[in-house]
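All residue numbers refer to positions in the sequence shown, counting from 1.
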Amino acid sequence: MTRVANAVRPRLTRASDAVRPRIARAADVVRPRLARATTAAKPQVTRFAQAVKPQLDRIPRPKTAKTWHYTAGAATAGLALAASVVTVAGPWDSTGQRTAERDRAAALDHTGGADHDGSSGTADGAPEPAPSAASVLVGLGGAANTVRSAPTGPGLAAVLGPLLKDPALGTSRSAVVVDVATGKRLYGEGADRALTPASTTKIATAVAALTALGADHRLTTRADLEADTKELVLVGGGDPTVTAHQDAQGWASLRTLADRTAAALKKRDLRQVTLSYDTTLYPGTELHPIGENENLAPVTALMVDEGRMDDSTSGTADRFQDPAAQAARQFAGLLAAHGIKTTAPGPSKATGRAENLATVSSPPLSAVVERMLTNSDNDIAEALARQTAVATGERADFDGAGRAITTQLKKLGLPVKGVAFHDGSGLDRDDRLTAGLLTALLAKAGDPSRPGLRPVLTGLPIAGFTGTLTTRYTDGAAGIVRAKTGTLNGVNTLAGTIVDQGGRLLAFAFLASGTTNKDAAQSALDRTATALAACGCR
């Protein structure tokens, strides 16, 4: 026996060494599943042990136990536990997703892990995807059994009425609340009273531009060459988001345009050209009726970084008086870095004979609209108003843009009686909108049959988090209210969406004129919107 053991021992050692890594890997794969299964089965195993303990106590035990006794006992216990676990946890399919779970999910009309293609993207042996969560909010145009009915008019009046009487809201105010899923007006106070809307005008501009141009439309800036005169023309396409920053962050880059243009010129063996720029897409005056203002550059078809004289990308800033000329000068400097010499740029117009050398385009209009609404960007708003005019055959100036916006809203069947658009940004104090129109615009943007208008809702600032609402609602409905603000001297407005306590998506608009304290008026509007979000009002 000793000689046999000595002969066999080395072989057993080598076999053990060869198998050990495989066993370790298998253990690593199996361990998480056994742990989960053991946890699930623990209550049942405990009850089973308690039930059989009296019988086990009556079984005589040997005085001594050999190693094989423990091994055999452990193996038997392991098999018993495994059988218990399988019984308790249910059968497993090849992907590790329990058949019982899958069947239950199918019975509940849920996809569970199926919407992840059966894989969580993790290493082998890791947990499979959890079943998908049920919807939290009601879908537009639909209903879920967890969402209650819309608020009632009397319920809303009882909550909003006293808040809207706050003296901080000035001498004239109006308010409307609409159920977005149905388009039904739930509450109205002066709903058709046309008041100065300030920057909530941008909601109308956004809807009009998306309707006229489409959410996928892009604005293009190009460099054209007049071959006979060697004149290089920088042609403005009305894109206010063109940037010369090193990191364009996805917006049209003047640097990229210069790179492409220089490469095209060198292919033609041109190292010196006459440089000019074309802004003829937008005729008429460039200066807004408010005059030179840090809120808005002169409105032109060619500008870089919105004519800002600093590195800011939103908010107020000093502006160049001639943004187009400044853009051409920056373009010349970028060409010079590539060894292309240019003359001092001047205004011109590209002819039909000009050869296009290079272009850069904005992101889709949907992204441009979102940026405009989130940051209350006046330069983008005026550009989109003019683009709407160009697309509909109106003269692309302030008056023509106002007519184009009104025409598009009429085509959508929206209530435009008494409204007046003198610009696209809301900086003109002669603009007039109603709370009824603003809520109708928001409801139209939520219409499932008009997905192209959805950027109007997704671009709204989020209370306490983004854009012009970043510093508001910090102790109220942060993250719940999404709204466009509006502020002029004596004017404070707020229009957007909230989800109420019953899970209904509501659109609201509050307009106040004759206010004397901007901060007090804003606080009053915020309290009203917060109350609407917290209101069951049924």
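T220 and T359 share no donor-acceptor pair across their side chains, judged by distance under 3.5 Å alone. T458 and E370 share a donor-acceptor pair across their side chains, judged by distance under 3.5 Å alone. No hydrogens or angles considered: a donor-acceptor pair under 3.5 Å links the side chains of K202 and S199. No hydrogens or angles considered: a donor-acceptor pair under 3.5 Å links the side chains of N295 and N293. Between S348 and E231, the side chains place a donor N or O and an acceptor N or O closer than 3.5 Å (distance only, hydrogens not considered). Judged by distance alone, the side chains of K484 and S376 do bring a donor and an acceptor atom under 3.5 Å apart. Side-chain contact of R371 with T241: a donor-acceptor pair under 3.5 Å is absent, judged by distance alone. Side-chain N/O atoms of H288 and D428 include no donor and acceptor closer than 3.5 Å. In the model, D239 has no side-chain atom that pairs as donor or acceptor with a side-chain atom of T221 under 3.5 Å.
At least one side-chain heavy atom of M372 sits under 4.5 Å from a side-chain heavy atom of L384. At a threshold of 4.5 Å between non-hydrogen side-chain atoms, the residues C535 and D500 do not count as touching. Taking the side chain as every heavy atom from C-beta outward, L525 and N492 approach each other to under 4.5 Å. For the pair L164/T528, a side-chain contact is recorded, criterion being any heavy-atom separation below 4.5 Å from C-beta on. Within the 4.5 Å cutoff, the side chain of N489 has heavy atoms near those of the R429 side chain. With contacts defined as side-chain heavy-atom distances shorter than 4.5 Å, the pair L254/T243 does not qualify. Two residues are said to be in side-chain contact when any heavy atoms from C-beta on lie closer than 4.5 Å; R353 and D228 meet this criterion. Inter-residue side-chain proximity for S172 and R193 is flagged as met; some heavy-atom pair is nearer than 4.5 Å.
The heavy-atom pair separating L460 from A495 by the smallest distance is CD2-O, 4.4 Å. Scanning all heavy atoms of the two residues, the minimum distance from A385 to G424 falls at CB-CA, 3.9 Å. Minimum heavy-atom separation, S312 to A317: OG-CB, 3.7 Å. Here the closest heavy-atom approach between residue R454 and residue P448 is recorded as NH2-CA, 3.8 Å. Across A212 and T388, no two heavy atoms sit closer than the pair CB-CG2, 4.0 Å. Closest non-hydrogen pair, D379 versus A297, comes out as OD1-N, 2.9 Å.
Counting heavy-atom neighbours within 6.0 Å of D310 CG, excluding the residue itself, gives a total above 12. In this structure, K266 places its NZ atom where more than 12 heavy-atom neighbours from other residues, nucleotides or ligands lie under 6.0 Å away. Annotation for D430: atom CG counts as buried by contact number, over 12 foreign heavy atoms lying within 6.0 Å. In E294, the CD atom is crowded: over 12 heavy atoms of neighbouring residues, nucleotides or ligands sit closer than 6.0 Å.
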Practice problem: Take L438 and V176 through the side chain to side chain contact (heavy atoms under 4.5 Å, CB included) test and state the conclusion after the steps. | Solution: CA-CA 9 Å; L438 285 169; V176 171; over 6 Å; no

Quiz item: Passes side chain to side chain contact (heavy atoms under 4.5 Å, CB included), R173 versus L511? Steps please.
Solution: CA-CA 5 Å; R173 76 269 332 243; L511 281 69; over 6 Å; no

Quiz prompt | Trace of the side chain to side chain donor-acceptor pair (under 3.5 Å) decision for T485 with T468 | solution = CA-CA 7 Å; T485 59; T468 55; 3.2 Å; yes

Practice problem: For R271 and L265, run side chain to side chain contact (heavy atoms under 4.5 Å, CB included): C-alpha distance rounded to whole Å, both residues' side-chain angles, the deciding distance at 0.1 Å, then the answer. | Solution: CA-CA 7 Å; R271 298 294 193 279; L265 288 171; over 6 Å; no

Exercise. Please test D305 against H245 for side chain to side chain contact (heavy atoms under 4.5 Å, CB included), starting from the C-alpha separation and ending with a verdict.
Key: CA-CA 8 Å; D305 294 313; H245 291 160; 3.8 Å; yes

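Although no hydrogens or angles enter the test, the distance criterion places no donor-acceptor pair under 3.5 Å between the side chain of T201 and the main chain of P197. One N or O on the side chain of D322 and one on the backbone of A325 form a donor-acceptor pair closer than 3.5 Å. Between the side chain of T256 and the main chain of A252, no donor-acceptor pair closer than 3.5 Å is present. When atom types are taken as modelled, the side chain of N375 and the backbone of G467 share no donor-acceptor pair closer than 3.5 angstrom. Using modelled atom types, no side-chain atom of E226 and backbone atom of L232 make a donor-acceptor pair closer than 3.5 Å. Of the possible donor and acceptor atoms, one in the side chain of Q387 sits under 3.5 Å from a partner among the backbone N and O of G237. A donor-acceptor contact shorter than 3.5 Å is absent between the side chain of T196 and the backbone of A198. No donor-acceptor pair closer than 3.5 Å links the side chain of T515 to the backbone N or O of G170. Although no hydrogens or angles enter the test, the distance criterion places no donor-acceptor pair under 3.5 Å between the side chain of R432 and the main chain of A420.
Here T205 contributes atom OG1 and E382 contributes atom CD; the two are 7.5 Å apart, rounded to the nearest 0.5 Å. Between N378 atom CG and E306 atom CD the span is 9.0 Å, to the nearest 0.5 Å. Put simply, OG1 on T392 and CG on L213 are 8.5 Å apart, with the number rounded to the nearest 0.5 Å. The distance from the OG atom of S174 to the CD atom of E189 is 8.5 Å, given to the nearest 0.5 Å. Atom CG of L160 is separated from atom NZ of K165 by 12.0 Å, given to the nearest 0.5 angstrom. To the nearest 0.5 Å, the span separating CG on L234 from CG on D278 amounts to 9.0 Å.
No option in L506, T152, V178 other than L506 meets the side chain to side chain contact (heavy atoms under 4.5 Å, CB included) test with L186. No option in V481, I498, L163 other than I498 meets the side chain to side chain contact (heavy atoms under 4.5 Å, CB included) test with L532.
Salt bridge present: E355 and R268 bring a charged side-chain N and a carboxylate O closer than 4.0 Å. Remark: D318 does not engage R308 in a salt bridge, criterion side-chain N to carboxylate O under 4.0 Å. Taking the charged nitrogens against the carboxylate oxygens, D216 and R218 have no contact shorter than 4.0 Å, which rules out a salt bridge. The pair R386-D397 does not meet the salt-bridge criterion, since no charged nitrogen lies less than 4.0 angstrom from a carboxylate oxygen.
Not counting sequence neighbours, the partners of E394 by the salt bridge (Lys or Arg N to Asp or Glu O under 4.0 Å) test are R403. For D179, the salt bridge (Lys or Arg N to Asp or Glu O under 4.0 Å) partners are R504, not counting sequence neighbours.
Note that R482 lies outside the cation-pi zone of F465, set by a 6.0 Å cut-off to the ring centre and a 45° limit from the axis.
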